Structure formats: C-alpha cells, structure tokens
Number of protein chains: 2
Amino acid sequence: MSTQQRILDTALDSFGTTGVDGTSLDALARELGLRKQSILYYFKSKQALFEAVLDEAANQFIAELDQVVERVDPNDVWAQVEGTVRVVFRLAVQRPALLGLLREASRPGSMVAVQLSSRLANHIDAAQHSLEIALKEGRVRGDDARLLLFSLYSTIMGVATEVEVLRAMGVEPSLRSLAERRQELLRFLHVALVP
Amino acid sequence: MSTQQRILDTALDSFGTTGVDGTSLDALARELGLRKQSILYYFKSKQALFEAVLDEAANQFIAELDQVVERVDPNDVWAQVEGTVRVVFRLAVQRPALLGLLREASRPGSMVAVQLSSRLANHIDAAQHSLEIALKEGRVRGDDARLLLFSLYSTIMGVATEVEVLRAMGVEPSLRSLAERRQELLRFLHVALVP
DNA sequence: GGATCTCTCTACCAATTGGTAGAAAGCGGG
DNA sequence: CCCGCTTTCTACCAATTGGTAGAGAGATCC
C-alpha cells in the first residue's frame, strides 16, 4: 500500500476515534513510523489532510451503500432499510472509526458537513424518492418522506454507534450484543414502517 | 451569578459546541473577561473543570427529566416518551450545548461516560422497569426492554441533535422545522410503540 | 490601622502545536 | 557513473498549550 494511502487510513482511524483536535500530526507520524514532515509532503496542511480523509470516508461509505442499492429492488423500501442496517452494522464491526468520523463531521456547526453532504446527495435524493412513492401507495407508514428518512437515519446510526450509552445501561459491547441490538433495531423499524 | 457559576456555564457552552480539545483555557477566559489563572483558581486543572462541567450538565439534564417523572403516570409509557421528547426538544432550543456535551461525552471510548452513567443510573433503571411491565402486559410492542429503551434514546437524541444531517437533506434548521421534526418523531415513535 | 482571607492579576515556563526550509537518501534512465 | 526526480529526513520556528509562583487588590474582622 502506498505511503499516501497508509497515511489516509491511519488518519481516518485516529480522527474517527480520538477526534481531529485530539490528533496531532506528530502522534500520527509516530504511529506511521514517519516524521510529520512526510505527512505534510503528501498533504499540505492538517486541514487538507482532514478533507482528504473525509473524502476517503465518504468514498468507502458510498461504496458500501451502493452495494445495497445495486442488489435490492428500489421499490422494496423495507429491503432497502434491511440492507442499510446490514451495511452500517458491518462497518460498526470492521471499521468503527469510519462511523466515528461521520459522527464527528456531522457535529452541529461543523462546517465540513457540506463536503460530506454533497457527496451523499444522490443517495439521499434516491432514498427520499422511493420513500415518497411508497408513502403515496401506502406501503409505508408516515407523512413526510424527508423527515421519515431523517428519523430512520438517526435511529440506525444511533443504535450502531452509541456504545457508551449502551454500556451505561449495563450492556458490555460485544459481537453478541451487537447482533442482538441489530435484531431489535430491525424489529423496531419494521413495526414503525411496515403497515 | 458567582464567578464560579459563570465559568461553568460558559465552559459548558464552549465544550458542548467547540468540543473540549477545541476549547483552550485562554479562549474561555477571554470570553469571560478574565485571565485563565482565575479559572485555574476555581478548578485546579482543565480536566477538573471538564468533570465539573459534566456534573453540571448531568444535574441540569436530570432536573429536566425529573419534571417528566413527577408529572407523568409511571405506568403510562407513552406519556413518558412524550414528556421526554418535550424535554429534549426544549433543551435543543434553549441549551443546545448541553445536548452537544452529552454527545461529546458519549463518544465511543470516551471514558468520562462512566461519570455520567452513574448519575443517570436511577433514571435508566426506573424507565427500564416500567417498560418491562408494559411489555409484559402487552401495552407496548417489543421484546427486550433494555434494547427497546436504547432504540428510543438513539432515535430521540438523534432527531433532536443531528441538525447537520438535516441540513444535508435540504432542511435549514429553524424553530419551525424543529417543531415539524418533533411531530414526525412522535408519530414515528407512537407507531413503533403503541399496539 | 493592621491582619487575614478571597479573589484576580502579571510574569513566567516547559512542552506541544502546525508549519517552513532545505539537506540527504534512494532510485531509475541515460 | 551521474543526472534528475521522488521521497524522507534534520533543523528550526513562532504561536499556543496547560500550568506554577507569587504579587497586588479588595473586603472583612479585630
């Protein structure tokens, strides 16, 4: 793997867990076995690195979502929800920092969120569109497609990433508990969506 | 208001919006019209300040939740959900930084989350308990009270705080849109919960 | 008036931050 | 073997970080 790619990967992990402000270029370089000047050779500033990392994260996230879009009937809203949940939970296991980064980037007043949102605009529009049709035909419960989509997003991302809240409730995060969470989430969403 | 209280309040706002790492003692002092040494007079370190702020946030959050508990029939789960939604959305308007701080503190791997969780343990237990009874009596849909509570929490907090995602979907945050979001959220939760 | 206590200040400090300048090291082609 | 290109390094730097030491201001008590 190229050095540039290694930097992006390691930075994504660090930004997504420790946060951007909590990650210094020196610490990042140490983790990579380099000097920070080598990082600044590939990315002209920390801000530029962050934007590249965000782009990388968007690419990976979109690539995952595309697998759902491709394999699932766009008219079957419930199958789309199931697929999305599967994808998000797979990321929660395999690359939790990616979800952490999305969370960080979508912090209120973040300003970098626009960058992400423009990348995801197509997916959002498509999802909203098929949701609207399903609503009109009565195949899904609800009034406003956009707000419903937003509720779905909040629920799925929250259940997948809020592990500390779960710990506060006495559930130690594990693969087992993650699977249970996912099952309960699917049940919850099914009741809420399917008439 | 005492200087100590002013420091706590301002720090809560700053920590909750800019983040802890993103808030320097100098910047905080500037905002207060003081020198940072005055802050360190009341709180012996930044970490100590953060913990005090977290405690303050927990106090305020608990005080709000208590109003729900007091005024609502503990057996009426739906009324409790409604009350909680009302409280959280009121905070989203009046003190968004408080919710931002909770979000920051509940970041995966945060370690400070234990402090919060011990403060909220009573409320969590009580909620879980009445949810269990309601489940057993078939007044609420679902299997596992704890996981259901977790789904509810994720949905409510997400819908109340993920304003950047909403913006990405083309909805400019405003009081009006907040009210719509709340209404849609209540509809969504009602369908999901009440048989 | 002096002593004491509470509070806020000035004056520093060592460490760390993101970033610049430019030297060396490696390497492939001529 | 040497030239030129890419890559990584050492050597710095100014600004900012959290934090210490202690002086001075202001009020209160005797």
Side-chain angles (χ1 to χ4, degrees), chain A residues 1-57 97 100-101 104-105 107 109-116, chain B residues 1-57 97 100-101 104-105 107 109-113 115:
Chain A
M1 192 164 42
S2 75
T3 303
Q4 183 161 12
Q5 192 58 46
R6 279 182 58 227
I7 294 174
L8 281 175
D9 275 17
T10 310
L12 198 158
D13 282 335
S14 192
F15 287 168
T17 54
T18 320
V20 178
D21 284 330
T23 301
S24 75
L25 292 182
D26 279 303
L28 199 57
R30 209 176 312 128
E31 214 170 328
L32 284 157
L34 297 171
R35 310 294 134 176
K36 78 171 152 205
Q37 285 72 14
S38 299
I39 297 176
L40 290 166
Y41 169 75
Y42 291 99
F43 306 94
K44 76 172 205 295
S45 68
K46 191 185 183 182
Q47 179 62 27
L49 171 61
F50 178 45
E51 281 161 22
V53 166
L54 216 57
D55 229 56
E56 171 87 353
L101 193 74
E104 166 115 356
R107 190 156 80 180
S110 132
M111 287 173 305
V112 291
V114 275
Q115 194 187 344
L116 264 178
Chain B
M1 190 164 43
S2 75
T3 303
Q4 182 162 14
Q5 192 59 47
R6 280 182 58 229
I7 295 174
L8 281 174
D9 276 16
T10 310
L12 198 158
D13 282 334
S14 193
F15 287 169
T17 54
T18 321
V20 179
D21 284 330
T23 302
S24 74
L25 292 182
D26 279 303
L28 199 57
R30 210 176 310 129
E31 213 171 328
L32 284 158
L34 298 170
R35 310 292 135 178
K36 79 171 150 205
Q37 285 71 15
S38 299
I39 297 177
L40 289 167
Y41 170 75
Y42 292 99
F43 307 93
K44 78 171 206 293
S45 68
K46 191 185 183 183
Q47 178 63 26
L49 171 61
F50 178 45
E51 280 163 22
V53 166
L54 216 57
D55 229 56
E56 171 86 354
L101 192 74
E104 166 114 356
R107 189 155 82 180
S110 136
M111 287 173 305
V112 291
Q115 193 186 344

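Here the structure is a predicted model, which is why all the values come from computation and not from measurement. Every chain is numbered from 1, with letters handed out A, B, ... down the list of sequences.
Between A:Tyr41 and D:dT7 there is a side-chain N or O to OP1 or OP2 distance below 4.0 Å. One finds no side-chain N or O of B:Tyr42 lying less than 4.0 angstrom from the OP1 or OP2 phosphate oxygen of C:dT6.
Straight-line distance from the NZ atom of A:Lys46 to the P atom of C:dG19: 8 Å, rounded to whole Å. At whole-Å resolution of the value, CD in A:Gln47 and C1' in C:dT17 are 15 Å apart. The distance between atom CZ of A:Phe43 and atom C1' of D:dT7, rounded to the nearest whole Å, is 14 Å.
With rounding to the nearest 0.5 angstrom, the CG atom of A:Leu49 is 6.5 Å from the CG atom of A:Leu8. Atom OG1 of B:Thr3 sits about 4.0 Å away from atom OH of B:Tyr42, to the nearest 0.5 Å.
In terms of modelled atom types and a separation under 3.5 Å, the side chain of A:Glu104 and the main chain of A:Val20 share a donor-acceptor contact.
Scored by the side chain to side chain donor-acceptor pair (under 3.5 Å) test, B:Thr23 finds B:Ser14 as partners (sequence neighbours excluded). For B:Asp55, the salt bridge (charged side-chain N to carboxylate O under 4.0 Å, His left out) partners are B:Arg119, not counting sequence neighbours. With sequence neighbours excluded, the residues satisfying side chain to side chain donor-acceptor pair (under 3.5 Å) with B:Asp9 are B:Gln5. Scanning for salt bridge (charged side-chain N to carboxylate O under 4.0 Å, His left out) contacts around A:Lys46 gives an empty result, with sequence neighbours left out. Checked against side chain to side chain donor-acceptor pair (under 3.5 Å), A:Glu51 has the following partners two or more places apart in sequence or in another chain: A:Gln47.
Residue-environment remark: CE (A:Met1) exceeds the threshold of 12 foreign heavy atoms within 6.0 Å.
In this structure, A:Leu116 and A:Ala105 approach most closely via the heavy-atom pair CD1-CB, 3.7 Å. Minimum heavy-atom separation, A:Asp21 to B:Gly22: OD2-CA, 3.5 Å.
Listed in residue order, the members of residues 12-35 of chain A having a heavy atom less than 4.0 Å from DNA chain C are A:Thr23, A:Ser24, A:Leu25, A:Asp26. Near DNA chain C, meaning a heavy atom under 4.0 Å away, there are no residues from residues 1-11 of chain A.
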If you look only at distance, which donor and acceptor atoms sit under 3.5 Å apart when one is on a side chain in residues 24-41 of chain B and the other is two or more places apart or in another chain?
unit_1: B:Ser24; atom_1: OG; unit_2: B:Ala27; atom_2: N; d: 3.0
unit_1: B:Asp26; atom_1: OD2; unit_2: B:Lys36; atom_2: NZ; d: 3.1

Return the polar atom pairs (N/O with N/O) between nucleotides 20-26 of chain D and the protein under 3.5 Å, or none.
unit_1: D:dT20; atom_1: O4; unit_2: B:Gln37; atom_2: NE2; d: 3.1

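Listed candidates were C:dT8, D:dC9, C:dG19. Nearest to the side chain of A:Ser45 is C:dG19.
Among pairs with a residue in residues 4-28 of chain B, those fulfilling ring-ring contact (aromatic ring centres under 6.0 Å, His included) read B:Phe15-B:Phe50, at least two apart in sequence or across chains.
Stem analysis of DNA chain D (at least three stacked-register Watson-Crick or G-U pairs, each with both distances under 3.5 Å) gives C:1-30 with D:1-30.
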